[in-house]
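Throughout, a chain's letter reflects where its sequence line sits, starting with A, and its residues are numbered from 1. Keep in mind that what you see is a predicted model, and the values were worked out from it rather than measured.
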Number of protein chains: 2
Amino acid sequence: MKRHIFLTRREVHLPEWRTAFPAMEARPHAAADERLAPPGGALLWLHVDNNVKNPEALVESIRKATPGCAVVVLSNVPHDDEGLAVLEAGAAGYTGALAVAAVLRNIEAVIANGGLWVGPDLLQRLLVALGRHAGRSARGAARLDRLSPRESEVARAVAAGATNKEIARKLAITERTVKAHLSQVFAILKVRDRLQLAIYLNGLPKEAQSRILH
Amino acid sequence: MKRHIFLTRREVHLPEWRTAFPAMEARPHAAADERLAPPGGALLWLHVDNNVKNPEALVESIRKATPGCAVVVLSNVPHDDEGLAVLEAGAAGYTGALAVAAVLRNIEAVIANGGLWVGPDLLQRLLVALGRHAGRSARGAARLDRLSPRESEVARAVAAGATNKEIARKLAITERTVKAHLSQVFAILKVRDRLQLAIYLNGLPKEAQSRILH
DNA sequence: CGGCCACTTGTCCACCAGGACAATAGGCAA
DNA sequence: TTGCCTATTGTCCTGGTGGACAAGTGGCCG
């Protein structure tokens with residue numbers, strides 16, 4: 001069972017949180033307090049309100065002080081920009097401090113599976129905003145693929161900035177296999193390493209990409 | 001208890017899915033089949049593979065035919081663009097067809113609480129893509145200091161695909177100094193390595209580049 | 001002058017990336 | 001059946017990468 005540690009300055013929400021995780025612990029979070037490093041694997045719930053100026057910096061320092069612990073931010077005044085900021089700072093989740101117990105438990109489950117929790121609203125905003133300027137990929141027109149399907153997946157992941165380890169996890173194969181595919185891709189596209197591959201693919205117009213990627 | 005209906009043309013994954021939801025139902029999904037409208041409140045799991053040309057259209061028609069049902073897309077060859085497309089088309093979740101039972105149950109839990117399920121990879125891409133554009137400007141934090149002249153030169157070289165050794169030769173400095181500049185650039189732009197730096201810079205519009213590069 | 005900043009270089013070290021040898025299994029076509 | 005292709009994994013090894021300690025120089029500003 002995972003440990004749940006709630007970092008907060010106020011106690012108003014503790015009863016509700018406790019209904020979600022009866023075995024929870026609460027700590028006041030002062031700047032110095034982060035050095036009481038919880039054991040790796042614990043889940044840290046960071047409560048922020050209007051008094052916290054920049055939660056993202058707080059998240060960063062906490063994550064640095066407690067490697068291996070996921071941090072979820074509970075905001076008194078949830079706001080998309082704030083959520084975006086803390087998630088970029090490395091938080092694994094962002095939601096309102098008033099979230100009901102069921103939601104908290106869901107967040108825990110999602111994070112336990114390596115996911116990130118983003119509220120529906122923020123996610124929707126992300127989707128539309130990205131969809132607008134990422135454009136529709138010309139699919140269904142896949143032809144003349146010079147790369148095999150598997151090679152394409154790996155190439156795409158590299159073009160997105162992933163490491164071999166990440167790709168391996170994502171495709172559920174070993175790192176060795178990723179390397180094998182990548183070596184093949186390098187040879188086919190005549191690039192010397194992943195950096196040039198990424199530059200090459202990202203610099204290509206979408207139509208050209210789908211001609212070489214499956 | 002919610003009903004789980006798996007729409008698929010192949011049966012290979014049914015055993016795994018059944019371990020997640022013993023009471024699941026399976027239906028072949030043909031175009032005409034969508035008129036067998038499942039009762040509202042059911043969760044539809046749509047299995048797509050390479051043969052499905054545009055899953056987003058399929059999702060849209062299914063959602064139109066079955067209002068009140070959330071649709072989760074299980075892809076044989078998951079990839080970010082496809083995920084983006086189906087989510088914009090109204091899907092409530094997107095993951096690989098090989099997802100283990102625990103993940104499927106998590107997805108169900110998330111959706112039951114009004115959330116959308118997005119894999120960590122896709123979400124990460126959403127965050128970096130959007131965060132670099134909207135998130136920055138909205139959130140003051142004008143500490144996006146431009147890079148120093150020397151740092152800019154190094155950053156530009158990396159964005160062009162150069163190695164440390166090449167940059168060192170070009171700038172007539174030691175490789176060590178190149179590393180020093182690069183570490184600084186990584187910290188300022190909040191990227192973890194040269195690959196993501198290159199992607200970041202190459203993805204930026206020209207005018208945005210000149211704001212951070214000298 | 002003292003402090004700050006940009007630029008420079010050093011060593012040590014853990015980790016990642018790719019190439020060079022491999023090998024095995026399944027699908028598919030001649 | 002034989003051969004080719006794709007996907008998969010193995011070990012060994014070299015070189016590239018980036019962080020963690022530092023530390024020395026020169027310029028500019030209050």
Side-chain angles (χ1 to χ4, degrees), chain A residues 60 63-65 67-68 90 142 144-200 212-214, chain B residues 10 12 49-51 76-79 96-98 143 145-200 212-214:
Chain A
E60 271 183 39
R63 275 184 53 84
K64 201 172 297 180
L144 258 292
D145 35 11
R146 301 172 55 191
L147 298 183
S148 78
R150 213 53 166 164
E151 287 160 3
S152 293
E153 285 185 88
V154 177
R156 248 191 292 262
V158 167
T163 66
N164 288 343
K165 204 184 295 285
E166 290 169 339
I167 301 173
R169 254 201 310 271
K170 178 176 168 181
L171 300 186
I173 55 181
T174 63
E175 215 175 316
R176 177 64 189 84
T177 310
V178 175
K179 288 185 180 181
H181 289 312
L182 265 184
S183 294
Q184 191 64 19
V185 172
F186 294 157
I188 294 177
L189 299 185
K190 302 197 192 308
V191 293
R192 72 172 172 210
D193 55 26
R194 64 200 304 110
L195 179 59
Q196 301 215 337
L197 173 64
I199 294 170
Y200 173 54
I212 59 170
L213 296 176
H214 184 89
Chain B
R10 294 194 283 172
V12 280
D49 54 25
N50 311 56
N51 299 325
N76 256 31
V77 280
H79 99 67
L98 297 175
R143 55 100 181 75
D145 294 320
R146 14 171 56 206
L147 303 177
S148 79
R150 213 52 166 165
E151 287 159 3
S152 294
E153 286 185 88
V154 176
R156 249 191 290 263
V158 168
T163 66
N164 288 344
K165 205 184 295 285
E166 290 168 342
I167 301 173
R169 255 201 309 273
K170 178 177 167 183
L171 300 186
I173 53 181
T174 63
E175 214 176 315
R176 177 62 189 88
T177 310
V178 175
K179 288 185 182 181
H181 288 313
L182 265 185
S183 294
Q184 191 63 19
V185 172
F186 293 157
I188 293 177
L189 298 186
K190 299 196 188 305
V191 294
R192 72 170 171 214
D193 55 28
R194 63 200 305 111
L195 179 59
Q196 301 214 336
L197 173 63
I199 294 170
Y200 172 46
I212 59 171
L213 295 175
H214 269 253

Please name all residues satisfying side-chain contact (heavy atoms from CB on, under 4.5 Å) with E153(B), sequence neighbours left out, ordered by chain then number.
R150(B), L171(B)
What integer distance in Å separates Q196(B):CD from dT17(D):P?
16 Å
Salt bridge (charged side-chain N to carboxylate O under 4.0 Å, His left out) contacts touching residues 175-190 of chain A (sequence neighbours left out):
K165(A)-E175(A)
Closest heavy-atom pair, I167(A) versus A157(A), reported as atoms and distance to 0.1 Å, is CG1-CB, 3.6 Å
Closest non-hydrogen atoms of L147(B) and A155(B), given as atom of the first, atom of the second and distance, are CD1-CB, 4.1 Å
Has Q184(A) got a side-chain atom pairing as donor or acceptor with H181(A)'s backbone, closer than 3.5 angstrom?
no
Quick test: give all pairs of protein nitrogen or oxygen and nucleotides 23-30 of chain C nitrogen or oxygen below 3.5 Å, distance rounded to 0.1 Å.
none

CD1/I188(A) to CG/L197(A) distance, rounded to the nearest 0.5 angstrom?
11.0 Å
Rounded distance (Å) that lies between atom C1' of dA17(C) and atom CG of L195(B):
12 Å
Could you work out, with side chain to side chain donor-acceptor pair (under 3.5 Å) as the rule, every residue matching T174(B), not counting sequence neighbours?
T177(B)
Under 4.0 angstrom between S148(B) side-chain N/O and dC5(C) OP1 or OP2
no
Per-helix bend value, the helix from dC1(C)-dG30(D) to dA30(C)-dT1(D), C1' rotation axes over five pairs per end, 10° rounding, shows 40°
Can you sort out which residues in residues 169-176 of chain B have a heavy atom within less than 4.0 Å of DNA chain C? Ascending by number, please.
I173(B), T174(B), R176(B)
With sequence neighbours excluded, tell me which residues meet side chain to side chain donor-acceptor pair (under 3.5 Å) with R192(B).
E166(A)
Can a side chain N or O of T177(A) be found less than 4.0 Å away from OP1 or OP2 on dT9(D)?
yes
Taking side chain as C-beta onward, heavy atoms only, is V154(B) less than 4.5 Å from V185(B)?
no
DNA chain D contacts among residues 179-187 of chain A, heavy-atom distance under 4.0 Å
A180(A), H181(A)
Length of the CG-C1' vector between D193(A) and dG16(D), whole Å
10 Å
With sequence neighbours excluded, tell me which residues meet side chain to side chain donor-acceptor pair (under 3.5 Å) with Q196(A).
none
Contact list please: residues 159-167 of chain B against DNA chain C, heavy atoms, distance less than 4.0 Å, in numerical order.
none
Looking only at heavy atoms, the pair that brings I199(A) and A198(B) closest together is CG1-CB, 4.3 Å
Over all atoms of both residues, closest heavy-atom pair of L189(A) and Y200(A)
CD1-CE2, 3.9 Å
Would you list the protein and nucleotides 25-30 of chain D atom pairs, both N or O, that sit under 3.5 Å from each other?
none

R150(B) CZ - dT8(C) C1' separation (whole Å)
10 Å
Would one find a side-chain N or O of R194(B) under 4.0 angstrom from OP1 or OP2 of dT17(D)?
yes
I need the CZ-C1' distance between R192(B) and dT17(D), as an integer number of Å.
13 Å
Output all residues satisfying salt bridge (charged side-chain N to carboxylate O under 4.0 Å, His left out) with K170(B), sequence neighbours left out; order by chain, then residue number.
none
